[in-house]
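Below: one structure, written as structure tokens.
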Amino acid sequence: MKAIIKREFASYFAHPVGYLFIGVTFLLASFSFFIDVFLYATTDIAPVFSTLFSLVYLIVPLITMRLLSEEKRHKTEQVFYTSPVTMTEVIFGKFFGAGLIYIAATAIVFVHQLVLAFYGSPDWGLLFCRYIGLILLGGLLIAIGLVVSALTESQAVAAIVALAISMVMGQVDSLTQSSSSQTLIKITEWISPGHHFTGFFNGNFSVADVFYYLSMTGLLLFVAVRILDRKRWA
Amino acid sequence: MIEVNGLTKRYGEKFAIKDVGFKIGEGEIVGLLGPNGAGKSTTMNIMTGYLSATSGTVTVNGFDIREKPIEAKMNIGYLPELPPLYPDMTVKAYLDFIFDLKQVKANREEHISKICKLVKIEAVYPRLIKNLSKGFRQRVGIAQALIGTPPILILDEPTVGLDPKQIVDIRDLIANLGRRHTILVSSHILHEIQAVCNRIIIINQGEIVADGKRDDIIRKATEDARFTVRVIGPRDEVAKTLVRIGGVDKIVDDGVRESGSNDFIVIPKAKTDVRREVFERLAERKWPIVSMVGSQLTLEDVFLRLTETDETE
């Protein structure tokens, strides 16, 4: 699995996509930091997290679109099927490879916090709580992208479908807010990654929210493994 | 070393391969020969774990590819028809990746350098794969199959798309690898297989139609073991002597082709080889045999005959 993580992480820097992902994240997060935090002379970088929360939905498909679709297109997936590795190792290798680039990009918030530390006493606990939420959210979005990428040879299709699914999931609770059915509201809130992120954003570390992210991500990764295994039987 | 039993792969109603079975022993270089679409790649893909069979088993060094896939794959180096190369990687990075993926325990530098030397890719070692010629890509593909020194190599059409010089180079390389590995190599080109393999399996429309050494395949494919014998001796008596031999079905007088001798076409009964007896009977009568020539088919004839029959059905 280590070999796959290493290869995956390195591959982002062989294409513009890795630089683009990190560059856009740094740029927009830093812009938000300067405009909404630095100029307001506050030590709470909540606006940066708000920006990142919206941004990751849009740009995570960039790093997941090629994860498996490119392997299918170039037939390099044969390496995995015919080497002494399991499909679970392949999927986890891909997942963590993409996860590393996600962490590298979003870790910019620590730089922002360090800057604030020169001027005041920012709340590091709150920062870590929010960052854990952001990582869990990223993991879920990467898992969605990974499943979609396992289903198609086209990177463009993989990106668009992953984006569409992520957006629907992200907006699902707001779509039913005006509904009279409390059950429907409860269900959509449970499905919505954004709803579960709110706790982390407010500094409330909840085991239920962690469970939601880990179970959803785990389920999607399991689906991705099954898709790869199924291919042998096609 | 490799045991394939009743391998079948079905796509809906269509059979890609049907009841394919063979055994390959240690040190053999076996050629899997067949026209395009015969089922060569399907067979190899199942043997290496890339595809699952609808039914049948593949055992590699005692490990069933379905029951113990990791152990079985440890024993195989596979070069698919299209080498699985990442164009954005350098040869070095790619071979390092394969080394890690196969979890090879040997010294990395030493092991990879030895393979690069063997397949002659030292010159392109630091280059990006996307910038390599087809011949070098094929060599890198073979290098990745060799990583971990698997005892079995499965090479699917290793010379396809190469120029004549590159074909000769790859053929020599396979012959060289055959000294240390058991090899199954597929091709739709007869000469490729003939040049490097000591055993040939012919597959057509998903079924094995011949399996054996070159001459055995030719002999089996020949409808009867008829041959022409040229004898110095009285024509009628020689004919009578020949026709009395137990396994002989028919004798045809083929006239005089060389002065002082007579030619006879000896047609034995089905699956009977009477050459020894013909020699002994004629020798007893002190009638010298000047020549004995079989109505020999070439392997090419046999291949065409075996693979054309079904096409016309």
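The sequence lines fix the lettering, A, B, ..., with proteins before strands; numbering per chain opens at 1.
- Both the backbone and the side chain of A:K75 have a heavy atom closer than 4.5 Å to some heavy atom of chain B.
- Looking at B:L101, the atoms closer than 4.5 Å to chain A (heavy atoms on both sides) sit in the backbone and in the side chain alike.
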For side chain to side chain donor-acceptor pair (under 3.5 Å), just list the numbers for B:D156 and B:S41, CA-CA rounded to whole Å, side-chain angles, deciding distance to a tenth of an Å, and then say yes or no. CA-CA 7 Å; B:D156 191 2; B:S41 295; 2.7 Å; yes

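- B:Y50 touches chain A through backbone and side chain together, each having a heavy atom under 4.5 Å away.
- Between B:E28 and B:R199 there is a salt bridge, since at least one side-chain N of the basic residue sits less than 4.0 Å from a carboxylate O of the acidic one.
- With chain B as the partner, the residue from A:A14, A:A3, A:G93 showing the most heavy-atom pairs under 4.5 Å is A:A3.
- B:N75 places a side-chain N or O within 3.5 Å of a backbone atom of B:E71 that can act as its donor or acceptor partner.
- In this structure, B:K9 is positioned above the aromatic face of B:Y11, its NZ or CZ under 6.0 Å from the six-membered ring centre and within 45° of the axis.
- The residue from B:N204, B:I203, B:I200 that alone fulfils the side chain to side chain contact (heavy atoms under 4.5 Å, CB included) condition with B:L33 is B:I200.
- Looking at B:Q144, neither its backbone nor its side chain comes within 4.5 Å of chain A, counting heavy atoms on both sides.
- Heavy atoms of B:F99 lying under 4.5 Å from chain A are absent altogether.
- If you tally non-hydrogen atom pairs under 4.5 Å between each of A:E77, A:E89, A:E70 and chain B, the highest count goes to A:E77.
- With chain B as the partner, the residue from A:M1, A:K6, A:H15 showing the most heavy-atom pairs under 4.5 Å is A:H15.
- Using cut-offs of 30° and 60° on the angle between ring planes, the pair A:Y213 and A:F200 is tilted.
- There is no contact between B:D96 and chain A, counting heavy-atom distances below 4.5 Å.
- Remark: B:E157 engages B:K40 in a salt bridge, criterion side-chain N to carboxylate O under 4.0 Å.
- Heavy atoms of B:I98 lying under 4.5 Å from chain A belong exclusively to its side chain.
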